[in-house]
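Lettering follows sequence order; numbering is per chain, from 1.
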Number of protein chains: 2
Amino acid sequence: MTVTLADVAARAQVSPATVSRVLNGNYPVAASTRERVLKAVDELDYVLNGPASALAAATSDLVGILVNDIADPFFGIMASAIQAEIGGPGGRAGGERLAVVCNTGGSPERELTYLTLLQRQRAAAVVLTGGAIEDAPHKAAMDAKVRKLVEAGTRVVLCGRPPAPDTGAIALTFDNRGGGQELTEHLIGLGHRRLGYIAGPEERTTTRHRLEGHRAALAAHGIEEDPGWTVHGRYDRRSGYEATLELLRRDPSLTAVVAANDSVALGACAALRDSGQRIPEDVSVAGFDDLPFSIDAVPSLTTVRLPLAEAGARAGRIAMGREEAPPGGIASVRGELMVRGSSGVPRAS
Amino acid sequence: MTVTLADVAARAQVSPATVSRVLNGNYPVAASTRERVLKAVDELDYVLNGPASALAAATSDLVGILVNDIADPFFGIMASAIQAEIGGPGGRAGGERLAVVCNTGGSPERELTYLTLLQRQRAAAVVLTGGAIEDAPHKAAMDAKVRKLVEAGTRVVLCGRPPAPDTGAIALTFDNRGGGQELTEHLIGLGHRRLGYIAGPEERTTTRHRLEGHRAALAAHGIEEDPGWTVHGRYDRRSGYEATLELLRRDPSLTAVVAANDSVALGACAALRDSGQRIPEDVSVAGFDDLPFSIDAVPSLTTVRLPLAEAGARAGRIAMGREEAPPGGIASVRGELMVRGSSGVPRAS
DNA sequence: CCGTATATAGAAAGCGCTTGCTGCAACGCT
DNA sequence: AGCGTTGCAGCAAGCGCTTTCTATATACGG
């Protein structure tokens with residue numbers, strides 16, 4: 001069968017305990033002995049048995065990263081940054097940790113199940129990214145699970161997610177509301193008064209916060225919103241395309257379309273173009289997130305840049321205990337308005 | 001401390017063995033007993049200890065997915081498809097498996113280390129995605145590792161990666177060469193004779209194969225290539241931007257630019273625009289992969305569509321033993337030429 | 001009514017590793 | 001020289017689960 005610690009010990013003429021200590025480097029071992037052990041390990045091509053080790057030591061080197069959609073660069077970028085800090089192989093010192101990215105697909109059950117799975121594996125830390133689902137029972141279940149994880153010694157960090165008070169989780173929240181407000185204020189400042197809004201899926205904190213920011217801006221400028229100006233959809237391009245067509249049908253006099261995120265905004269651009277509208281001469285478009293491709297659109301997208309990589313890196317460091325948690329366990333991360341070619345003054349009505 | 005199997009057993013007034021059997025459902029247990037156990041599990045909020053279970057059963061429910069760059073949708077899409085098939089939570093029947101996505105960042109060491117880590121965890125299966133690194137010693141080390149994994153009972157699937165003969169790994173290879181050739185032939189067919197090529201990083205199979213396809217097309221049409229027409233770079237937008245500028249400097253008479261992938265192509269488009277060139281009137285551009293955003297570029301990108309999701313799904317199924325391996329353990333997956341707005345007849349010289 | 005097949009539960013032996021404790025030299029101190 | 005230190009290695013007891021084997025109870029056929 002496979003090579004075990006005992007085999008290595010036999011070969012190196014030491015006890016299994018010594019081999020373990022050499023491998024973990026947490027106990028003094030004479031240099032000559034260490035060398036003998038290492039040689040045996042090498043010769044036998046020994047690979048530690050992870051489960052056995054985790055069981056005996058009651059710790060694991062797994063770190064979980066939960067994302068809503070791994071195919072979406074929004075999450076990919078965060079995950080990448082988190083993982084880089086987790087250390088994984090090639091990371092800085094410390095035992096090698098296995099960062100596992102789990103794709104929930106936005107499904108509440110999966111989210112919960114993954115958390116259970118991670119709990120089962122006795123994960124060292126868990127980072128939850130992206131907006132949360134606003135279903136009360138689900139939220140309660142999640143909070144309970146998180147609390148349990150924290151109690152069991154797993155560090156839980158929320159990255160780009162609203163805080164979960166009293167769970168012990170540390171939150172790095174994106175200021176979606178503020179960003180949304182700033183973005184819409186920019187459009188209002190250009191003179192827009194009739195703005196369509198393509199929101200994300202309902203029951204999502206991200207969706208709600210961005211929309212609230214938008215509405216706050218409208219309200220602050222005394223613009224009364226027509227209920228037909230808001231359409232809900234998914235966070236993808238196709239959804240943006242369809243929603244824009246719908247928006248145009250409902251009110252062709254709209255001079256601007258604000259999208260839930262950049263992918264949606266790109267879909268909106270395509271729909272507008274296909275409808276014979278010029279951007280931004282006829283209709284301005286704005287996105288959110290500032291993903292890498294947004295600057296490549298023609299015209300390039302006006303959007304709110306979220307420091308995805310920075311936030312992810314920080315979340316990763318906190319998860320590893322390499323950076324202190326923010327005061328109160330909560331930090332708000334602001335976005336930055338990026339004014340680009342897709343927004344301009346409204347057409348003369 | 002945490003709740004253990006024994007606690008549940010005590011509460012349900014049965015032996016630990018029975019609890020284990022109820023949980024695993026692989027042994028007859030009287031319905032009444034099962035119910036009592038389940039109730040106790042629920043009441044105590046018991047969560048199985050993964051490492052202990054893995055140790056005792058000598059199996060694990062971890063499945064590893066190695067990707068070069070998790071922030072790149074190319075990998076994100078594949079990973080997502082693979083994971084969906086792995087079953088993860090929410091997947092079809094069978095024990096719940098934890099699909100872990102590991103980001104190698106294209107680094108050989110990390111690739112190897114992750115494989116070791118997965119081996120250590122006794123992963124049930126491993127899927128390696130994307131091009132391989134063409135360094136002989138590294139390749140040998142990888143092959144050896146893969147062989148060892150297979151020997152240990154881990155199913156290894158290569159998705160979008162060249163086969164690794166005699167390792168026992170199953171390969172679903174992308175026909176990068178054929179796709180590259182077809183793409184360039186399309187441009188040649190339009191009348192292009194002076195084509196720049198922005199290749200990916202050297203020492204990568206994907207880079208080499210696509211470039212070989214390109215050159216095969218040139219050769220087939222008797223076009224002699226100027227060495228200055230090829231520039232190497234990374235697989236990202238910025239690299240495409242810079243390489244295009246360089247290409248333009250070297251030979252302003254180029255009428256087409258073929259990029260290593262879509263991101264690079266987008267960078268190329270930006271560089272061309274910034275240099276005052278129209279696409280495709282002055283210069284045609286072509287990409288590779290057909291990522292979702294490619295159709296949104298203006299003009300939309302001519303490219304080769306790779307069935308990323310389909311291939312990933314299939315790889316996932318094979319990894320789970322739910323689909324038979326292709327004959328000989330090797331299958332070639334073809335791309336499909338997508339002719340769109342970014343390619344047209346060359347300008348009159 | 002008894003022997004044997006059939007269902008279900010329990011006892012107990014590990015799985016391969018970690019770690020607290022013990023053992024034993026060699027060492028330095030008074 | 002005697003004794004406490006210090007440094008290094010081994011012993012052995014688990015970690016929490018799975019699984020083989022055994023035991024008991026019930027059902028069945030003759």
Side-chain angles (χ1 to χ4, degrees), chain A residues 1-38 40-41 44-62 95-96 117 119-124 152-153, chain B residues 1-38 40-41 44-62 95-96 117 119-124 152-153:
Chain A
M1 256 298 289
T2 35
V3 184
T4 73
L5 237 208
D7 298 331
V8 176
R11 172 141 220 180
Q13 316 233 52
V14 296
S15 73
T18 302
V19 177
S20 169
R21 301 207 252 248
V22 168
L23 260 25
N24 289 299
N26 53 8
Y27 194 87
V29 172
S32 65
T33 314
R34 180 198 330 287
E35 220 151 277
R36 212 145 26 93
V37 169
L38 256 18
V41 165
L44 293 177
D45 230 347
Y46 170 69
V47 176
L48 190 70
N49 181 317
S53 166
L55 172 59
T59 64
S60 135
D61 47 8
L62 239 64
E96 274 159 1
L117 240 38
Q119 182 183 7
R120 180 177 296 182
Q121 300 298 332
R122 306 299 190 249
Chain B
M1 255 298 290
T2 36
V3 184
T4 72
L5 236 208
D7 299 331
V8 176
R11 172 140 227 196
Q13 317 232 51
V14 295
S15 72
T18 302
V19 178
S20 170
R21 301 205 255 248
V22 168
L23 261 24
N24 289 298
N26 52 9
Y27 194 86
V29 173
S32 65
T33 314
R34 181 202 326 289
E35 220 151 276
R36 209 143 31 90
V37 169
L38 256 18
V41 165
L44 293 177
D45 230 349
Y46 170 70
V47 176
L48 189 71
N49 182 317
S53 166
L55 172 58
T59 64
S60 139
D61 48 9
L62 240 63
E96 272 157 4
L117 241 37
Q119 181 182 8
R120 179 178 297 182
Q121 300 297 333
R122 307 298 190 249

Between A:R36 (side chain) and A:A12 (backbone), is there a donor-acceptor pair under 3.5 Å?
yes
Any donor-acceptor pair under 3.5 Å between the side chain of B:Y27 and the base of C:dA7?
no
Considering only side-chain heavy atoms of A:T4, which listed nucleotide, D:dC8, D:dC17, C:dG16, is closest?
C:dG16
Quickly work out the A:R21 CZ to D:dA9 P distance and round it to whole Å.
9 Å
Interatomic distance, A:L5 CG vs C:dC17 P [rounded to whole Å]
4 Å
So A:N26, base contact, sugar-phosphate only, or nothing? Heavy-atom distance under 4.0 Å.
sugar-phosphate
Heavy-atom nearest pair, B:A40 first then B:R11, reads CB-CG, 3.6 Å
Could you report the tightest heavy-atom contact between A:L48 and B:R122, atom names first, then the distance?
O-NH1, 3.5 Å
Spatial distance of atom OG (B:S15) from atom CZ (B:R21) [nearest 0.5 Å]:
6.5 Å
Starting from P on D:dG16, measure out to CD on A:Q121 and report it in whole angstrom.
15 Å
Of all the nucleotides listed (C:dG10, C:dC15, C:dC17), which has the minimum atom distance to the side chain of B:V14?
C:dG10
Pick base, sugar-phosphate or nothing for B:A17, based on heavy-atom distances below 4.0 Å to the nucleic acid.
base
Spacing between A:N24 atom CG and C:dG16 atom P, to the nearest angstrom:
17 Å
Under 4.0 angstrom between A:T18 side-chain N/O and D:dA9 OP1 or OP2:
no
Once you round it to whole Å, what is the distance between P of C:dC17 and CG of A:L55?
11 Å
Tell me which nucleotide among D:dA9, C:dT8, C:dT18 gets nearest to the side chain of B:A30.
C:dT8
Would you indicate, yes or no, if C:dA11 has its OP1 or OP2 atom less than 4.0 angstrom from a side-chain nitrogen or oxygen of B:S15?
no
Round to a whole Å and report the spacing from CZ of B:R122 to C1' of C:dC15.
11 Å
Grab the CZ-C1' distance between B:R120 and C:dC17 for me, whole Å please.
12 Å
Below 4.0 angstrom from OP1 or OP2 of D:dC17, is there any side-chain N or O of B:S20?
no
Donor-acceptor pair, side chain of B:R34 and main chain of B:V22, under 3.5 angstrom:
no
In whole Å, I'd like the distance from the CG atom of B:L23 to the C1' atom of D:dC17.
10 Å
